[in-house]
Every structure is written in structure tokens, then in C-alpha cells.
Amino acid sequence: MALWDNPDVELLYEINGLAKDAPTWADRVMEYIGEYGIAAGLVVLALWAWWGVTRKRESREEALGGFAGLIWAPVAALIALAVNIPIRGLVERPRPFLEHKSVEPLVAGKTDFSFVSDHATLTMAIAVGIFMVQRKPGLVAIALALLEGFCRVYMGVHYPTDVIGGLALGTAVALLLAPVAMWALTPVVRGTARNARLEALLWAGAAAAVGAAGSRAVGRRSREEPRRTGDRDLAA
């Protein structure tokens, strides 16, 4: 039963132990993924979701609402990080490598408190925001957020419960504040869409409408030109 005296620490040892047994290059890859790679992946997924919103929504209002949802994703992440500041100050949990000498961190310089994980909070808030707009990229984003949590424990900079708390916090903020956020952001997006060029970036139908209007204008000019030429000939 000693294994379950502190399952949080035991799981930390198990996951961080993988880093000790792995080759150096594998640890460097995990370090890069955990620090920067997943964040870059979420940017790509947000662009994928934006592409789908602008081209697959049937109406202009749906497209603008979807774009407002994509704006909410990073805003939710920032709010979740702000909420985490007092939580960290209240709990004051030291980093695991400071309390357990057998834990080897892959990243140096982490001296702030451990609970909850900022990286897990940030990535899950963005992932849930994307999921609420587009399911496929959203599911991939959530998988990346879970991988982020694993990376933080693997790197020895967080306990598993730090990660679980961060995932829960990011999810809660993104979901619970979404109605208020959409109420505030959707009118802003609608106002932006009043500009024809910007509207084309928010809804593919706008570009099609502009193109159709341009074609009609060209057609009118082409029909009028013969009459004008005829008028000049008669006047001559």
C-alpha cells in the first residue's frame, strides 16, 4: 500500500523517470514541445478553424459568430492565467524538484509556485475555445493540451495534480464565460465586417458577393459600350 501513500508524487516519479531513461535528444525534443511546440501547434489549429469558419458556415451571421468564438479562445486563456495568479499565491506549492531531489527538471530557472500549471491552463483554454467553434481542429487542440500536461510532468516542473488543476481551470473559464464573451465580442466583429475588405477575411461569401458584383459591373459596361460607340458614329 506504500505505493498509494502519495499517488501524486508516485506518478511524478514514474513520468519523470521516463526522462532519466530516455536519450538526451529525446529529452530535448520533449522540452521544445512542452515549452514552444504545442503553443505553435495551437496557432496552426486556430488558423485551420478560421479557414473552416469563413468557408463552411452557411450564413454571414454564423461566420461572424464563429470568428468571435476564435477571438474568445486566446482571451479566455489570458483570463484563466489571471485567475491563476491568486490561486498560486494562496496555495504556495513549491516546484516538485525543489522538494524531491530525485526529480530532475529539464528546464532550469523555474522558481515560481507550481499549482496550477500555467501551460496546462493556457493550452486547454485555447483548445476548448477552438472546439466550441470547430469540432475537428478542436479535438486535435484538446489532445495537444493533454500532451502539454504530460510534458510538464515529464520535464519535472509540475506535479500531475498541478496539470489536472490547470486543465480544469482552462476548461472552466473557456466554457463558463463564453456566453458573456460572445455577447461582447460578436458586435465588435460585426462592426469590423462593415469594411468590405475585412469582411472577406471573415466570411467567404463576402468575397463571392464582391466578385459577383464586379462581374455584373463589367457586364453592364460591356453592354453599354456598343451603344456609346453607336452614338458617336451617328454624331459624326
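Being a predicted model, the structure only gives us computed values, none of them experimental. In what follows, every heavy atom counts, from backbone to side chain, and hydrogens, waters and symmetry copies are set aside.
- Of all non-hydrogen atoms in M124 and T171, the two that sit nearest each other are CG-OG1, 3.1 Å.
- Under the 4.5 Å side-chain heavy-atom criterion for ILVMFWY residues, a single connected hydrophobic cluster contains both V157 and L11.
- Residue K20 places its NZ atom among more than 12 non-hydrogen atoms of other residues, nucleotides or ligands, all under 6.0 Å distant.
- Cluster annotation: L167 is not connected to L78 through the hydrophobic network of ILVMFWY side chains, with a link wherever side-chain heavy atoms come within less than 4.5 Å.
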Side chain to side chain contact (heavy atoms under 4.5 Å, CB included), that's the test. Do E148 and L122 meet it? Break it down for me. CA-CA 10 Å; E148 178 68 49; L122 175 77; over 6 Å; no
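- Closest approach of I15 and F150 over heavy atoms only: CG2-CE1, 3.7 Å.
- Side-chain N or O atoms of N16 include none that pairs as donor or acceptor with a backbone N or O of P105 at under 3.5 Å.
- W50 and V43 are members of different hydrophobic clusters when ILVMFWY side chains are connected at heavy-atom separations under 4.5 Å.
- We find the CG-CD1 distance between L81 and I87 to be 11.0 Å, quoted to the nearest 0.5 Å.
- Rounded to the nearest 0.5 angstrom, D118 CG and F113 CZ are separated by 13.0 Å.
- The distance from the CD atom of E104 to the CZ atom of F97 is 12.0 Å, given to the nearest 0.5 Å.
- To the nearest 0.5 Å, the span separating CD1 on I126 from CG on L45 amounts to 10.5 Å.
- A distance-only check finds no donor-acceptor pair linking the side chain of T186 to the backbone of W183 [under 3.5 Å].
- Distance check: L175 CG to F131 CZ gives 9.5 Å after rounding to the nearest 0.5 Å.
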R95 vs V103, test: side chain to side chain contact (heavy atoms under 4.5 Å, CB included). Steps then yes/no. CA-CA 10 Å; R95 296 279 183 170; V103 174; over 6 Å; no
Go through the steps for T123 and L144 under the test side chain to side chain contact (heavy atoms under 4.5 Å, CB included), then give the verdict. CA-CA 8 Å; T123 53; L144 287 183; over 6 Å; no
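- Between the side chains of Y159 and E99, at least one donor N or O lies within less than 3.5 Å of an accepting N or O.
- Here the closest non-hydrogen pair linking G129 and A73 is CA-CB, 3.9 Å.
- Here the closest heavy-atom approach between residue T121 and residue A80 is recorded as CG2-CB, 3.4 Å.
- A donor-acceptor pair under 3.5 Å links the side-chain atoms of W72 to the main chain of A174, judged by distance alone.
- One side chain, T161 or R93, offers a donor N or O that lies under 3.5 Å from an acceptor on the other.
- Side-chain atoms of R190 never come within 3.5 Å of backbone atoms of L64 as a donor-acceptor pair (strictly under, hydrogens ignored).
- Both V9 and L98 belong to a common hydrophobic cluster when Ile, Leu, Val, Met, Phe, Trp and Tyr are linked at side-chain heavy-atom distances under 4.5 angstrom.
- Residues L177 and V83 share a hydrophobic cluster, clusters being chains of Ile/Leu/Val/Met/Phe/Trp/Tyr side chains in contact below 4.5 Å.
- Side-chain atoms of H158 come within 3.5 Å of backbone N or O of S114 as a donor-acceptor pair.
- Between A120 and V163 the shortest heavy-atom distance is CB-O, 3.8 Å.
- In summary, R152 and D162 do not engage in a salt bridge, as defined by a charged side-chain N under 4.0 Å from a carboxylate O.
- Closest of all the heavy-atom pairs between P137 and I130 is C-CG2, 4.0 Å.
- Between the side chain of N84 and the backbone N or O of V116 there is at least one donor-acceptor pair closer than 3.5 Å.
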Please evaluate residues L18 and M30 with respect to the criterion side chain to side chain contact (heavy atoms under 4.5 Å, CB included), reporting the C-alpha separation (whole Å), side-chain torsions for both, the decisive distance (0.1 Å), and the verdict. CA-CA 11 Å; L18 299 175; M30 289 294 287; over 6 Å; no
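- Among D27, L12, I33, the one residue that satisfies the side-chain contact (heavy atoms from CB on, under 4.5 Å) test with Y154 is D27.
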